[in-house]
2 protein chains.
Amino acid sequence: MSHNMEEIAARLRGAGYRVTPQRQLILDAVCELGGHVTAEAVYESVQEIVPSLNQGTVYRALNFFCDERIVTATRQPDGRTVYELAGQNPHHHFVCQVCGADYEVSQQMLRPLFERARQEYGFAVEMDHISFFGRCRECR
Amino acid sequence: MSHNMEEIAARLRGAGYRVTPQRQLILDAVCELGGHVTAEAVYESVQEIVPSLNQGTVYRALNFFCDERIVTATRQPDGRTVYELAGQNPHHHFVCQVCGADYEVSQQMLRPLFERARQEYGFAVEMDHISFFGRCRECR
DNA sequence: CTCCTTATTGCAGTTACTTGCAATAGAGAA
DNA sequence: TTCTCTATTGCAAGTAACTGCAATAAGGAG
Ligand SMILES: [Mn+2]
Ligand SMILES: [Mn+2]
Ligand SMILES: [Zn+2]
Ligand SMILES: [Zn+2]
């Protein structure tokens with residue numbers, strides 16, 4: 001996973017947002033830490049570079065990037081939220097509540113359901129990163 | 001929505017749990033308030049009958065009932081969790097993020113997806129009350 | 001009915017995240 | 001470069017929900 005900051009910056013500025021060093025550091029951290037990362041981990045990471053950078057700023061930036069669809073978020077059953085670069089391949093997850101096994105599944109897999117939602121209810125699901133919790137084969 | 005306390009109480013006692021007045025009040029409140037109800041609303045409701053009843057107890061009881069599959073919970077995008085009696089007809093929701101419109105959809109609708117999860121990954125999804133957020137026809 | 005084990009409660013403190021506000025600083029205009 | 005507007009930050013307080021611990025009480029045994 002990698003991100004093109006130039007491109008993202010241009011898009012954000014074009015929309016009237018500002019590209020601050022804090023936001024760049026935070027996005028870099030999400031990218032470099034890789035995979036599903038907690039706000040806490042991002043905070044600790046950026047903290048090492050700019051100790052004055054505030055936790056509130058981390059949360060706000062992460063939410064901002066989610067709104068802008070630059071990162072995705074999933075709420076875990078433990079109450080924490082994990083973030084990830086909303087890169088090239090949109091996907092969802094099947095997560096085992098017992099052992100934590102995590103199957104990444106493509107957007108495709110949910111298409112039939114979303115299609116039916118649209119046809120039967122005129123409803124357009126707008127979730128690009130869902131986690132379905134349950135049990136894997138071994139844990140049943 | 002209604003619940004048979006006798007039956008539930010017997011089942012809980014049989015499993016080694018205790019049926020306390022607090023738990024009964026809390027379950028009654030979820031039932032009587034009806035529909036999707038917040039912990040806050042439950043707390044205020046039981047508070048009127050037993051003012052000493054603690055918020056922590058409400059949260060613990062609600063989680064306990066969720067574990068026992070007696071109530072279901074959904075986390076809303078605003079961060080709050082709403083609870084509901086896990087009654088006769090298991091269902092999920094399509095919720096419009098703009099106007100709040102809420103389509104209740106039967107468990108059936110998700111069966112093909114869950115079936116595929118099982119066949120392709122050996123994964124058994126164990127979520128009985130999912131909310132899919134998006135936009136309704138009018139709000140698009 | 002009384003006793004005993006231990007599940008549950010009340011309480012207070014903690015965690016994860018959000019928010020109001022005054023100070024700061026992007027970034028477009030001149 | 002300088003000015004100006006206002007988006008964003010740091011800070012501190014606020015919120016929903018969770019948790020450790022000592023006191024309480026459910027409910028089975030006798
Ligand atoms: Mn992911
Ligand atoms: Mn429901
Ligand atoms: Zn597993
Ligand atoms: Zn709508």
Side-chain angles (χ1 to χ4, degrees), chain A residues 5-6 8-27 29-30 36-47 49-68 70-83, chain B residues 5-6 8-27 29-30 36-47 49-68 70-83:
Chain A
M5 184 54 92
E6 288 310 309
I8 290 173
R11 210 193 85 201
L12 294 179
R13 276 192 271 259
Y17 300 116
R18 291 176 188 175
V19 179
T20 64
Q22 288 93 333
R23 282 181 176 169
Q24 296 185 58
L25 275 170
I26 289 163
L27 192 55
V30 172
H36 288 183
V37 63
T38 62
E40 175 69 10
V42 170
Y43 175 60
E44 282 168 10
S45 174
V46 296
Q47 180 98 307
I49 303 168
V50 180
S52 65
L53 206 161
N54 193 268
Q55 288 212 56
T57 301
V58 172
Y59 282 110
R60 269 187 293 221
L62 256 10
N63 283 342
F64 168 74
F65 288 129
C66 285
D67 289 345
E68 293 303 310
I70 291 163
V71 320
T72 57
T74 317
R75 186 133 203 145
Q76 298 174 313
D78 72 357
R80 298 171 82 121
T81 301
V82 289
Y83 301 87
Chain B
M5 185 55 92
E6 288 311 308
I8 291 173
R11 210 193 84 200
L12 293 180
R13 276 192 270 259
Y17 299 117
R18 291 177 188 176
V19 179
T20 64
Q22 289 92 332
R23 283 182 174 169
Q24 296 186 58
L25 275 170
I26 289 163
L27 191 56
V30 172
H36 289 182
V37 63
T38 62
E40 174 70 11
V42 170
Y43 175 59
E44 282 168 10
S45 174
V46 296
Q47 178 100 310
I49 303 170
V50 179
S52 66
L53 206 162
N54 192 267
Q55 289 212 53
T57 301
V58 172
Y59 283 110
R60 269 187 293 221
L62 255 11
N63 283 342
F64 168 73
F65 288 129
C66 286
D67 289 346
E68 292 304 310
I70 291 163
V71 320
T72 58
T74 318
R75 188 131 205 146
Q76 298 174 313
D78 71 357
R80 297 173 81 122
T81 302
V82 289
Y83 300 88

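A note on names: the letters A, B, ... follow the listed sequences, proteins ahead of strands, and every chain is numbered from 1. These numbers were taken from a predicted model, which means no experiment stands behind them.
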When the distance from [atom1] of [X] to [atom2] of [N] is rounded to whole Å, what number comes out?
X	N	atom1	atom2	result
Leu27(B)	dT8(C)	CG	P	15 Å
Leu62(B)	dA16(D)	CG	C1'	13 Å
Gln55(A)	dT15(C)	CD	P	11 Å
Asn63(B)	dC18(D)	CG	C1'	8 Å
Asn54(B)	dA23(D)	CG	P	17 Å
Gln47(B)	dT9(C)	CD	P	15 Å
Gln22(B)	dG27(D)	CD	C1'	15 Å
Ile26(A)	dT8(D)	CD1	P	12 Å

Nearest to the side chain of [X] - [options]?
X	options	result
Arg18(A)	dG28(D), dC5(D), dT9(C)	dC5(D)
Ser52(B)	dT9(D), dG10(C), dA17(D)	dG10(C)
Thr20(A)	dA17(D), dT8(D), dT9(C)	dT8(D)

Q.
Looking at dA16(C), I'd like to know if its phosphate oxygens (OP1 or OP2) sit under 4.0 Å from a side-chain N or O belonging to Thr81(A).
A.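 Checking dA16(C) against Thr81(A), no side-chain N or O comes under 4.0 Å of OP1 or OP2.
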Contact class for [X] vs. all strands (heavy atom < 4.0 Å): base, sugar-phosphate, or nothing?
X	value
Tyr17(A)	sugar-phosphate
Thr38(B)	nothing
Arg60(A)	base

Q: Give the intermediate values and the outcome of salt bridge (charged side-chain N to carboxylate O under 4.0 Å, His left out) for residues Arg11(B) and Glu68(B).
A: CA-CA 10 Å; Arg11(B) 210 193 84 200; Glu68(B) 292 304 310; 3.3 Å; yes
